[in-house]
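Okay, so here's the structure we're looking at.
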Amino acid sequence: MHKDFDIIVAGGGIAGLTAALTAARLGRRVQVLTGDVLGGHLLSIEKIEGFPGFADGVAGYELCPITQGQAAEAGAGFEMTEVTGLQADGAGWIAATAAENYAAWAVIIATGTSLAELGIPGEAELRGHGVSHCASCDAPLLMDKVVAVVGGGDSAAQEALTLAGAASRVVILCREDALSAKAVYRTRIEAQPNIEVRYRTLAGKILGDGVVTGIATRGIDNEALVELACEGVFVYIGHQPNSQFLNGLLDLDEDRRIPVDLDLRTEAAGIFAAGTVRAGSAGQAASSAGDGTAAAINADAYLDSGIWR
Ligand SMILES: Cc1cc2nc3c(=O)[nH]c(=O)nc-3n(C[C@H](O)[C@H](O)[C@H](O)COP(=O)(O)OP(=O)(O)OC[C@H]3O[C@@H](n4cnc5c(N)ncnc54)[C@H](O)[C@@H]3O)c2cc1C
């Protein structure tokens with residue numbers, strides 16, 4: 001039976017790009033279905049930290065196009081479209097998209113995560129008008145303004161530091177008693193005079209008529225709302241894995257991530273998962289790139305042998 005591709009990669013983040021690069025270098029016919037964001041989360045990161053080879057960090061908008069270029073040079077094809085479902089097709093799989101179906105012998109799922117939303121009044125209405133997930137995109141628009149960052153983990157801390165380079169004041173609204181971000185970020189935040197952290201504080205409502213003019217917050221044990229005038233609200237309160245499109249094809253863990261074995265094989269023959277969509281991911285750019293490489297090598301070995309386990 002003929003199939004147009006050996007391997008379909010679902011996802012164009014660092015895991016998917018690296019999987020495509022590796023599989024194409026192994027001589028496989030590879031098609032990447034990238035979804036909306038070619039480059040994934042890293043695309044908008046001003047300074048990716050902890051990625052090997054870049055002592056001073058590297059901008060995501062540099063690293064991702066370079067990696068995509070390498071994969072394309074090696075022969076991988078790219079389509080900026082979302083996978084809406086996978087279905088078995090003999091010994092292989094069909095990846096469905098809104099426009100067409102793609103048939104391959106193996107699939108590497110690298111669909112990553114989406115940033116979680118607060119679900120509070122004003123958030124949806126003012127998205128793109130001051131409510132944002134992208135500090136590096138919007139920081140230049142917020143020069144000398146006050147901004148709020150919601151969250152206390154690595155992403156919130158890192159993006160608050162990016163914003164502090166432009167905004168006059170950055171207020172981090174942290175639900176817990178302490179930031180859960182890595183020590184390296186906490187130390188930098190303490191040393192940054194224009195960042196204030198408000199602990200045990202919840203976002204209640206985003207204010208504004210057409211554009212953000214403030215955020216109403218409340219204490220964790222206190223219903224009274226306090227208004228903070230600001231022109232940007234950046235939300236980093238966690239991640240939701242992009243696994244909905246599987247529609248029950250694979251069992252997911254309690255966080256809706258895809259369980260895999262040590263070879264990144266899922267429960268379905270021919271389907272691998274790589275990067276932050278898989279259970280047990282270390283959540284870093286380097287680990288996601290490593291996953292992409294490993295998944296591609298394991299998929300290549302599977303296609304050579306025809307043996308799944
Ligand atoms: C603000 C922030 C700062 C960060 N800073 C760092 C850092 O400094 N250092 C570090 O190591 N890590 C950092 N990270 C973590 C890093 O971004 C992730 O580890 C990495 O992006 C994971 O890559 P991924 O390819 O698994 O997923 P993602 O980056 O989430 O990419 C997912 C890809 O899948 C696509 N997709 C989604 N659904 C579908 C679908 N149905 N069909 C097809 N494609 C789909 C998307 O369009 C995207 O291309 C940061 C994350 C955030 C949010």
Side-chain angles (χ1 to χ4, degrees), residues 3-83 93 95 97 102-114 134 136-137 158 242 258 260 263-265 270-278 281-304:
K3 293 201 192 298
D4 286 340
F5 302 103
D6 295 318
I7 300 174
I8 295 288
V9 177
I14 195 68
L17 294 176
T18 313
L21 166 63
T22 307
R25 278 170 50 80
L26 289 165
R28 295 297 175 184
R29 298 167 303 155
V30 183
Q31 180 70 12
V32 188
L33 306 174
T34 69
D36 290 346
V37 191
L38 181 45
H41 285 304
L42 292 179
L43 186 66
S44 60
I45 307 296
E46 189 71 37
K47 192 166 113 174
I48 302 167
E49 301 196 27
F51 198 81
F54 298 93
D56 297 324
V58 55
Y61 44 81
E62 289 172 6
L63 182 70
C64 297
I66 291 171
T67 314
Q68 189 213 351
Q70 279 178 281
E73 182 71 20
F78 289 83
E79 211 48 69
M80 211 157 164
T81 184
E82 215 166 78
V83 176
W93 292 92
T97 72
Y102 296 80
W105 297 109
V107 177
I108 298 173
I109 301 174
T111 46
T113 60
S114 296
C134 182
S136 66
C137 317
Q158 196 177 0
N242 294 321
I258 303 170
V260 290
D263 289 331
L264 303 179
R265 290 177 295 208
I271 302 185
F272 298 79
T276 50
V277 74
R278 73 150 172 105
S281 161
Q284 297 295 290
S287 60
S288 301
D291 267 13
T293 306
I297 289 172
N298 295 332
D300 177 63
Y302 163 64
L303 296 182
D304 271 347

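Given the structure is predicted, the values throughout are model-derived calculations rather than measurements. Numbers for residues simply follow the sequence, beginning at 1.
- Rounding to the nearest 0.5 Å gives a distance of 4.0 Å between CZ of Arg29 and CG of Asp6.
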Indicate every side-chain donor-acceptor pair of residues 7-17 with a distance under 3.5 Å to a residue at least two apart or in another chain.
none

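- The CG atom of Leu63 lies 5.0 Å from the CD1 atom of Ile48; values are rounded to the nearest 0.5 Å.
- Pairing each heavy atom of Gly39 with each of Cys64, the nearest pair is O-SG, 3.5 Å.
- In this structure the side chain of Glu82 never reaches within 4.5 angstrom of the side chain of Thr97, judged on heavy atoms.
- We find the CG-CZ distance between Leu264 and Arg278 to be 5.5 Å, quoted to the nearest 0.5 Å.
- Residues Ala23 and Val30 share a closest heavy-atom pair of CB-CG2, 3.6 Å.
- A search for side-chain hydrogen bond (donor to acceptor under 3.5 Å, both in side chains) contacts involving Glu46 returns Tyr61, not counting sequence neighbours.
- Looking at residues two or more places apart in sequence or on another chain, you find a side-chain contact (heavy atoms from CB on, under 4.5 Å) between Val37 and Leu43.
- Residues meeting the ring pair (Phe, Tyr, Trp, His ring centres under 6.0 Å) test with Tyr302, sequence neighbours left out: Trp308.
- Remark: side-chain polar atoms of Asp291 are paired, donor with acceptor, to backbone N or O of Gly275 under 3.5 angstrom.
- Residues passing the side-chain hydrogen bond (donor to acceptor under 3.5 Å, both in side chains) test with Thr113, sequence neighbours excluded: His41, His239.
- Summarising the local packing, CZ of Arg25 is surrounded by 12 or fewer heavy atoms from other residues, nucleotides or ligands at distances under 6.0 Å.
- In this view, Glu73 satisfies the side-chain hydrogen bond (donor to acceptor under 3.5 Å, both in side chains) rule with no residue, not counting sequence neighbours.
- When the salt bridge (charged side-chain N to carboxylate O under 4.0 Å, His left out) test is applied to Glu79, no partner is found at least two apart in sequence or on another chain.
- Using a 4.5 Å cut-off on side-chain heavy atoms (C-beta onward), Ser288 and Thr276 make contact.
- For Asp56, the side-chain hydrogen bond (donor to acceptor under 3.5 Å, both in side chains) criterion is met by no residue, not counting sequence neighbours.
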Side chains of residues 292-300: which donor-acceptor partners sit under 3.5 Å, not counting sequence neighbours?
{"from": "Thr293", "atom 1": "OG1", "to": "Ala289", "atom 2": "O", "distance (Å)": "3.1"}
{"from": "Asn298", "atom 1": "ND2", "to": "Asp263", "atom 2": "O", "distance (Å)": "2.9"}
{"from": "Asn298", "atom 1": "ND2", "to": "Ala294", "atom 2": "O", "distance (Å)": "3.1"}
{"from": "Asp300", "atom 1": "OD1", "to": "Arg28", "atom 2": "NE", "distance (Å)": "2.7"}
{"from": "Asp300", "atom 1": "OD1", "to": "Arg28", "atom 2": "NH2", "distance (Å)": "3.1"}

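- The closest side-chain heavy-atom distance from Arg265 to Val260 is not below 4.5 Å.
- For Cys137, the side-chain contact (heavy atoms from CB on, under 4.5 Å) test picks out Ser44, Cys134, with sequence neighbours left out.
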Quiz item: Is there a side chain to side chain contact (heavy atoms under 4.5 Å, CB included) between Ile109 and Phe272 once you walk through the steps?
Solution: CA-CA 6 Å; Ile109 301 174; Phe272 298 79; over 6 Å; no
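- Here the straight-line distance linking atom CH2 of Trp105 with atom NZ of Lys3 works out to 4.5 Å at 0.5 Å rounding.
- Side chain of Asn242 to main chain of Thr111: a donor-acceptor pair is present (N/O by atom type, distance under 3.5 Å, no hydrogens or angles).
- Pairs of residues two or more places apart, or lying in two chains, never qualify as ring pair (Phe, Tyr, Trp, His ring centres under 6.0 Å) while including a residue from residues 4-40.
- Under the side-chain contact (heavy atoms from CB on, under 4.5 Å) criterion, Gln284 pairs with Lys182, Ser287, sequence neighbours left out.
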